[in-house]
Amino acid sequence: MRRREFIRNAAATAGALLFRAAPAAFTQSTGAGIEVLLNEPLGTISPNIYGHFAENLSGVIYDGIWVGENSKVPNLGGIRKDLVEEMRKIHPPIVRFPGGCFADSYDWRDGIGPVEKRPRRTNFWNGGESPGSPNAHRYDPNRFGTNEFVQFCRLIGAQPYLAANLRSLPAEQFDRWIEYCNSPAGSTTLADERTAAGFKDPFNVHYWGVGNESWGCGGNFTAQEYAVEYRRFTAWAPSYPGADLSFVASGPNDNNYDWTRGFLEEVVRKGKSEIQHIYGLALHYYAWNLSRGKTTDWDKGKGDAINFDVLDWYELLRQGDAMESLIKGHWQVMAELDPEHHMKLVVDEWGPWYRPGSELTPGDQIEQLPTLRDAVFSGMTLDTFNRHPEKVGIGCCAQLVNCLNSLYLAHEDRFCVTPVGHVFAMYAAHQGGTSLRTEFSVPALHYDRDGQTTSFWGLQGSASLHGKELVITAVNPNVKDALEAQISLPGAHVRSGSATVLTSSDIHARNTFEQRQAIEPRTAPMEIKGDTPVFRFPPASVVKLTLTLA
Ligand code: AHR
């Protein structure tokens, strides 16, 4: 089965999966250095690459974010208080909503106006829900709509990124949604409706996704067909003072370079300047195939989130590491039609995707339980974004709560921060910094992959400068060996340094509702020899080093 078919089936009926991997042997030699080139800035790290994605899918919105004003679960006007408090710690810049595939079935008008008058609708993901799943997961009560989403964003200090329905609503409704969100108080009937709901000031939504995965659940278009729709939806969309519109086009899945090229070629058929009206092209990439080349079947190729061996660990990281070449590859194709690079890449869905079975709340569709492996994966991905600040404008981890690579898991009055959530807390320090070229001279690690000795890099990361503060993050993928590295900073004097480490002796380490602090970041000592910091990166770890320069 392919992802496109999975989603079709999930929308219509649930599926079952099975897969098991073989053990691996591994070795690694030592001797390592990290060189941060302070005079080689790569660009400013957009805070938005530390963004999130919350789809109306199973337990993400109803239970994850929204518990209701009358709930016994502590809440702020219906929004889960624990979630808000934890999110404030990670400085979330942006949240994408309401999908995902859900977006192209969603009528935004259902989610505004008096609560008691809002209709119930069949959720796009209805068919994948299990028999006992809550009604709100099957039939959208529309209790959490645009107003509540914007309120959530305000509570956590993020800006909203709305994904519009291009498959099943006319372009007129795209205009109206923008009008509802952005027209000044008193200017339009929709602005009056917003005011009546308690939101006099415009929401000033800048970022608008124009459909989602339009090659699949968002309409099954060809790249050329979608380009025509994209132009129709975006040409003369209304804009208002205070909210320039930044449109994100539905971009490629994975390494589908034909989509990127085909879409852009068709867009510019109307004139080269059309490109300038596209803020970004959405790239979706999930690491899911742990079969080591044995299958491309969406069901059979997946691994288990918590029952995995060392070989699965490396395979997942190898899959995730493809993000680097995808960014470079799509960027190169984009350059064919946009040599001045007006457009950015918007990686608004990324993360590992495992087979069902690990969910903390039984029945939550495509929920999985993140482990230390997913923390290392996430650190690696965020470092990759950091290294390409000129290319990546937005990144949204899929998805925020009760879903794939979730930062948080929640059910009723229970809540925990996952290892992925801890990585976002550690990496928040990079936001807005100047990314610096950083060379990792580190011996590769080796492991046995089905009888063949295979190598993988031994340490990788990124660095950013914030005035006199230098932040270096890195992941050590080696499950067995620590790696000591000298950090050279040519031309700089180091005053002080501190380290934060996320690791465990168990590569399966994870937090649950019962054991909420099984894995947490800890501070670690850091040696500074003259102007050379030296740090020992523990096996299977995510590390942040903060250095104060003279
Ligand atoms: O994140 C889950 C789903 O994966 C999204 O709805 C869709 O865009 C993607 O295929």
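We count ligands from 1, going down the list as the structure has it; atoms in each ligand are counted the same way.
Checked against a 6.0 Å centroid threshold, the rings of F424 and H52 count as neighbours. Y62 and H137 have their aromatic ring centers separated by at least 6.0 angstrom.
A salt bridge does not link R80 with D82: none of the charged nitrogens is closer than 4.0 Å to a carboxylate oxygen. Using a cutoff of 4.0 Å between basic side-chain nitrogens and carboxylate oxygens, R355 and D299 are not scored as salt-bridged.
With W208 as the partner, the ring pair (Phe, Tyr, Trp, His ring centres under 6.0 Å) test is satisfied by one option alone out of W177, F247, F233, Y161: W177.
Those atoms of ligand 1 with a heavy atom of N212 less than 4.0 angstrom away are 8 (O). Atoms of ligand 1 found under 4.0 Å from any heavy atom of F53, numbered from 1 in the order shown, are 1 (O). Under a 4.0 Å criterion applied to the non-hydrogen atoms of Y286, ligand 1 contributes the atoms 1 (O), 2 (C), 4 (O). With ligand atoms numbered from 1 in the order given, ligand 1 contributes 5 (C), 6 (O), 7 (C), 8 (O) to contacts under 4.0 Å with heavy atoms of C101. Within the listing of ligand 1, atoms 7 (C), 8 (O), 9 (C), 10 (O) sit less than 4.0 angstrom from a heavy atom of E213.
At a heavy-atom cutoff of 4.0 Å, ligand 1 is contacted by the side chain of W125 but not by its backbone. The residue F124 has no part lying near ligand 1, judged by heavy-atom distances below 4.0 Å.
Distances from atom 8 (O) of ligand 1 to the heavy atoms of Q365, R96, Q399, E349 put E349 nearest.
A donor and an acceptor atom, one from each side chain of N123 and R138, are nowhere located under 3.5 Å apart.
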